[in-house]
Each structure stands twice: as structure tokens, then as C-alpha cells.
J.: 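For reference, the structure I am asking about is given below.
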Amino acid sequence: MTDHVTRLLSQDELRTANTLFRGTLHVAPATDEEWARSTESYQPDRTLGVFDTELIGTARSFDSDLTVPGGARVPLSAVTGVGVRADRTRRGVLTELMRTQLEGFADRGVVAANLYASEGLIYGRFGYGVATLWRRCVVDRRRAVVRAGAPSGGEVELLDLETAKTRLPEIHDGLDDDRPGAMRRSEYWWPGLYRQLNRAEAPVKTVLHHGADGIDGYVVYHTSRPNPADPAVLRVEEFHARTPDAYARMWRFLLSVDLIDTIEVSEMALDDPLELLFTDPRAVKVTGVEDETWLRLVDVPAALAARERGDAEVVLEVADPILPRNSGRYLVSKDAVTRTDAPAQLSMGVDVLAMIYLGTWRPSALASVGRIDVADSGVAERADLLFGTRVAAWCGTFF
Ligand SMILES: CC(=O)SCCNC(=O)CCNC(=O)[C@H](O)C(C)(C)COP(=O)(O)OP(=O)(O)OC[C@H]1O[C@@H](n2cnc3c(N)ncnc32)[C@H](O)[C@@H]1OP(=O)(O)O
């Protein structure tokens with residue numbers, strides 16, 4: 001790309017960037033009132049812009065931490081707000097933004113970056129791979145009966161949105177989610193959730209669960225009944241439970257809400273045991289499974305060292321054309337990760353490493369579709385053991 005300048009934007013340039021980004025999503029510019037609320041989502045010094053005669057592309061991020069298998073947390077940059085003006089696409093503007101952004105992350109000691117992708121073909125070339133999945137479900141409320149023997153749980157407390165806003169960040173932090181793929185919610189994340197909830201047609205409700213050791217779960221929902229003849233729907237926007245008691249009690253509560261026919265949950269972990277809570281597992285219909293977050297390992301050796309590893313050993317070769325310091329061979333075992341000159345047993349791009357990193361995909365599965373080159377089939381089996389995880393990776397923090 002020539003005759004372009006790529007740089008961090010100052011505070012007084014952010015609204016132009018916001019207008020540009022909204023335009024790429026076919027959304028009208030923010031009103032003054034909307035912009036006043038949107039500024040709360042912009043972490044200072046984290047928005048990039050590309051200029052020719054004026055701003056033509058933008059991308060931003062905010063700082064967070066990623067939970068990796070085993071429960072350790074590594075510095076994470078959450079990438080969002082990516083857009084290139086429609087009359088300047090397909091001439092390398094995004095490529096320039098991604099390269100500059102990733103180099104900035106590496107310089108700041110960030111270990112990983114993640115994002116929610118608008119389309120599946122955009123981010124693989126920049127080293128991002130699908131690293132968590134989510135599923136959408138519809139629960140037939142009248143058919144869903146909680147099985148005898150499921151935990152009964154503690155007390156629930158109903159809050160309105162305004163009260164919940166003052167309490168949710170602390171409550172969410174206190175749930176101490178050690179699921180791989182989970183991320184810390186920064187002060188720049190919460191305003192986006194409230195903007196989305198404020199658009200709900202019915203009042204948004206929050207239910208807290210009080211367990212033996214304090215609040216150990218919460219659910220945020222609202223209802224919808226487009227006209228009196230239609231079935232009423234309860235939409236779950238957030239469901240986080242740290243204990244089986246909280247999980248079962250909050251579901252008992254949701255099923256007890258009057259005048260509801262179906263309950264929709266759009267962001268659920270793949271191994272969420274909801275079907276098994278009910279006497280009839282078919283009370284739950286899975287309506288979709290999709291890619292959730294895409295992950296980019298910015299510092300490969302630090303990322304490999306941070307996660308728990310199974311009892312196996314392989315020599316892994318990684319190719320990373322954008323951040324070449326990641327490229328090379330690593331001897332990865334349960335106890336250590338070291339650079340090595342030994343011959344590679346598995347070779348893959350850094351995007352593919354991101355796919356196996358949180359345990360969502362098995363190395364042998366990626367080898368079977370030609371995404372990983374393996375020296376022999378025994379190696380793939382050892383790699384499965386090395387990178388396997390106990391729980392499904394899930395982020396649960398849309399941005
Ligand atoms: C995390 C988020 O914010 S997700 C939101 C992403 N933004 C959007 O979807 C808004 C609408 N789209 C856009 O603004 C732009 O089209 C972008 C940002 C997706 C791409 O920007 P561009 O400047 O056109 O990308 P750039 O020219 O650098 O393309 C690099 C390569 O990716 C390919 N590519 C880019 N976008 C797409 C796409 N949507 N589908 C398929 N391929 C794509 C290009 O063809 C090019 O391939 P090549 O190197 O083989 O020629």
C-alpha cells in the first residue's frame with residue numbers, strides 16, 4: 001500500500017472513526033446522544049486509522065486477560081471496530097491495519113488477541129483461527145421439567161437494569177471463570193452490553209443467585225411478544241453460574257416465569273448440560289452451532305508455556321509470516337516449552353495453532369483435513385493428548 005499513513009487516532013478523531021465503522025456495517029452515524037454513550041467503549045490510545053486524503057479505515061482494541069487451559073491468565077487484546085470505507089476496499093487497507101495492530105500488541109507484551117468475525121474469510125490470513133464455539137438453543141418451557149435429584153439451590157433476587165448496572169461488573173469478576181477462552185471484562189466492555197440491553201422492547205431483568213458463599217450466578221433476560229396471538233419468548237442475554245446449585249436454581253426460576261412459551265439462549269458453551277437437567281432432553285432444541293471467538297497468538301512461546309499441557313511430547317513447527325519471531329520449532333511437553341533445532345513432527349500456521357490452543361479442535365482432526373502436516377499418525381495422537389482439555393472452551397463475552 002502506498003501514499004497512506006497509518007497511526008493511532010487522538011481522542012478528537014474517534015467520532016469520525018466511529019462514523020466510518022458504522023458506515024461499513026450499513027448503520028447511520030451516531031446521534032450526539034448515542035456518541036456520548038459510545039465514547040465509554042473507546043480505551044485511549046487503542047484506535048488505529050489509515051488515511052489517504054482523509055480517514056479510510058479503522059480498527060480498535062481494548063485490554064483484557066484470556067483464561068487458558070489450566071486456569072492461568074495471559075494479557076489479551078480484544079479487537080473490534082474494524083472497517084474500511086466501501087470505496088477503498090480490496091487495496092490492502094485492512095492488511096495494513098492488522099499488521100500495525102499486531103506489531104503494537106507484540107511491542108506491549110500482549111500474548112494473545114481475539115475477535116468476533118463478521119465473516120469467515122477475513123481473519124485467517126492474519127493468523128486468527130476459530131478457537132471457541134457457541135450454540136443457540138430454544139427451550140420449550142411447558143415441556144421442560146427439572147429432573148428429581150437436580151440441585152434445588154438457594155434464593156434468587158430480581159433486579160431492574162439500572163440497579164444491576166451498579167453491581168454486575170463486581171459480581172461477574174467474583175464468579176472467577178476458569179473456563180478456557182473466558183476473558184476479563186474491562187470497564188470499556190460493559191457500556192456496550194448496556195447499550196444493547198437498552199434497545200430491548202421489554203424491561204430487562206437480572207436475577208442473582210445467593211449460594212452458600214454469596215452470589216455465585218446471575219442471569220440477564222427480557223421478554224418479547226410481538227402481538228398477543230404470538231407465543232411469548234424469554235430471551236436470555238447472559239447466564240453465568242459458578243456452582244451446580246446456581247445453575248439449576250436459575251433454570252428453575254426461568255421456567256417459573258409466567259406467560260412464557262419458549263426460552264431462547266443464544267450464547268451457550270458447547271458442553272453446557274442443559275438437556276440433561278430436564279426429564280425430557282428434547283425440551284431443548286439446538287438451533288445452531290457457530291464460531292464464537294477467533295484467537296491470534298501474538299507471543300507463541302509465552303502462550304504455549306502458560307497453558308496446561310497433557311503427558312506427551314512433540315516437536316512443533318510454527319509459521320508466522322506477520323510476526324516472524326514466532327516462527328520456528330518448539331519442543332513442547334507437559335513440563336516445558338523450549339526452542340529446538342530437532343526435526344519437526346507437526347507443522348502448522350499460527351492460525352491453526354490458535355485453533356488447537358484452547359482445546360476446541362484436536363490436532364488429529366486438523367491433520368485429517370490437511371491443516372497440519374504430521375510426520376506420522378502416532379504424532380497426531382500424542383499432540384491430541386498434549387493439547388486436550390477437560391472443559392469446552394467458551395468466551396461468553398460478546399464484543
Ligand atoms: C472484529 C470486527 O470488527 S469484524 C468487522 C469487520 N468489518 C466489516 O465486516 C465491515 C465491512 N467490510 C469492510 O470494512 C472491509 O471489506 C474489510 C475490513 C472486511 C476488508 O478490508 P479491505 O481493506 O478490503 O481488506 P484488504 O484489501 O486488506 O484485504 C486483504 C485480503 O483479504 C481479502 N478479503 C478482505 N475482506 C474480505 C471478505 N469480506 N471476504 C473475503 N475476502 C476478503 C481480500 O480479498 C484480500 O485478499 P488478497 O490479499 O488475496 O487479495
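Order of listing sets the numbers, starting from 1, for every ligand and every atom in it. In this text the structure is predicted, and so the values were computed from the model without any measurement.
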J.: For Gly83 and ligand 1, does the shortest N/O to N/O distance drop below 3.5 Å?
T.: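 Not met; the criterion fails.
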J.: Evaluate the 4.0 Å heavy atom contact test for atom 32 (O) of ligand 1: does a protein atom fall under the cut-off?
T.: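 Under the 4.0 Å cut-off, atom 32 (O) of ligand 1 does have protein heavy-atom neighbours.
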J.: Nearest protein heavy-atom contact for atom 39 (N) of ligand 1: which residue, which atom, what distance?
T.: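 For atom 39 (N) of ligand 1, the nearest protein heavy atom comes out as Glu119 OE2, 2.8 Å.
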J.: Tell me which protein heavy atom sits closest to atom 4 (S) of ligand 1, plus the residue, atom name and distance to 0.1 Å.
T.: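 For atom 4 (S) of ligand 1, the nearest protein heavy atom comes out as Tyr123 OH, 3.3 Å.
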J.: Return the residue, atom name and 0.1 Å-rounded distance of the protein heavy atom closest to atom 27 (O) of ligand 1.
T.: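 That would be Gly92 N, 2.8 Å.
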J.: Yes or no on salt bridge (charged side-chain N to carboxylate O under 4.0 Å, His left out) for Glu34 and Arg195, after CA distance, side-chain angles and deciding distance?
T.: CA-CA 9 Å; Glu34 284 169 334; Arg195 282 199 300 280; over 6 Å; no
J.: Below 4.0 angstrom, N of the basic side chain to O of the carboxylate: do Arg136 and Glu290 qualify?
T.: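 Glu290 and Arg136: salt-bridged.
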J.: Salt bridge between Arg85 and Asp87, side-chain N to carboxylate O under 4.0 Å?
T.: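 So Arg85 pairs with Asp87 through a salt bridge.
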J.: Going by the order shown, which atoms of ligand 1 are within less than 4.0 Å of some heavy atom of Gly81?
T.: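 With Gly81 as reference, the close atoms of ligand 1 come out as 3 (O).
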J.: Tell me: protein heavy atom nearest atom 19 (C) of ligand 1, and distance?
T.: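 Going by distance alone, atom 19 (C) of ligand 1 is nearest to Ile122 CD1, 3.5 Å.
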J.: Looking at Tyr218 versus Phe239, is the centre-to-centre ring distance below 6.0 Å?
T.: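 Tyr218 vs Phe239: aromatic centres not under 6.0 Å.
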J.: List for me each residue that meets side chain to side chain donor-acceptor pair (under 3.5 Å) alongside Gln11, sequence neighbours excluded, and say none if there are none.
T.: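 Gln11: no side chain to side chain donor-acceptor pair (under 3.5 Å) contacts found.
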J.: Please report whether atom 12 (N) of ligand 1 has a protein non-hydrogen atom at a separation of less than 4.0 Å.
T.: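 No, there is none.
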J.: Backbone or side chain, does any N or O of Leu94 fall under 3.5 Å from an N or O of ligand 1?
T.: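 There is such a contact, yes.
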J.: Could you check whether Glu13 pairs with Arg7 (Lys NZ or Arg NE/NH1/NH2 to Asp/Glu carboxylate O, under 4.0 Å)?
T.: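 Arg7 and Glu13: salt-bridged.
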J.: I want to confirm something. Looking only at heavy atoms, which of Leu121, Val50, Val84 is nearest to atom 40 (N) of ligand 1?
T.: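 Minimum heavy-atom distance to atom 40 (N) of ligand 1 goes to Leu121.
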J.: Students should be able to answer this: which protein heavy-atom is nearest to atom 28 (O) of ligand 1, and at what distance?
T.: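 For atom 28 (O) of ligand 1, the nearest protein heavy atom comes out as Thr95 OG1, 2.6 Å.
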J.: Quick one: which ligand 1 atoms are inside 4.0 Å of a heavy atom on Val93?
T.: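 In order of numbering, the contacting atoms are 23 (O), 28 (O).
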J.: Can you pull out the closest protein heavy atom to atom 8 (C) of ligand 1? Residue, atom name and distance to 0.1 Å, please.
T.: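 Looking at atom 8 (C) of ligand 1, the protein heavy atom closest to it is Ser118 OG, 3.6 Å.
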J.: Any carboxylate oxygen within less than 4.0 angstrom of a Lys/Arg side-chain nitrogen, looking at Arg73 and Asp176?
T.: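 A salt bridge is present here (some side-chain N lies under 4.0 Å from a carboxylate O).
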J.: Applying a heavy-atom cut-off of 4.0 Å, say which part of Tyr116 lies close to ligand 1: side chain, backbone, both or neither.
T.: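 The backbone, only.
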J.: Counting only heavy atoms, which portion of Arg91 has something under 4.0 Å from ligand 1: side chain, backbone, both, or neither?
T.: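 Just the backbone.
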J.: Check whether Phe62 forms a cation-pi arrangement with Arg46 (NZ or CZ under 6.0 Å from the six-membered ring centre, at most 45° off the ring normal).
T.: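 Not satisfied by the 6.0 Å and 45° rule.
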J.: For Val82 and ligand 1, does the shortest N/O to N/O distance drop below 3.5 Å?
T.: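 The answer is yes, given that Val82 and ligand 1 share an N or O pair closer than 3.5 Å.
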J.: For atom 10 (C) of ligand 1, which protein heavy atom lies nearest, and how many Å away is it?
T.: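 Looking only at protein heavy atoms, the one closest to atom 10 (C) of ligand 1 is Thr24 OG1, 3.5 Å.
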J.: Around Trp361, counting heavy atoms of other residues, nucleotides and ligands shown, do more than 12 lie under 6.0 Å from its CH2?
T.: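 Incorrect, the count does not exceed 12.
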J.: Answer yes when Asp177 and Arg185 have at least one side-chain N-carboxylate O distance shorter than 4.0 Å, and no when they do not.
T.: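 Here Asp177 does not pair with Arg185 in a salt bridge, since their nearest N and O are not under 4.0 Å apart.
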J.: Should one rank Arg125, Arg85, Arg90 by closest heavy-atom distance to atom 38 (C) of ligand 1, which comes out on top?
T.: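 That would be Arg90.
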J.: Could you go step by step and tell me if Arg147 and Asp280 meet the salt bridge (charged side-chain N to carboxylate O under 4.0 Å, His left out) rule?
T.: CA-CA 9 Å; Arg147 291 179 72 89; Asp280 179 356; over 6 Å; no
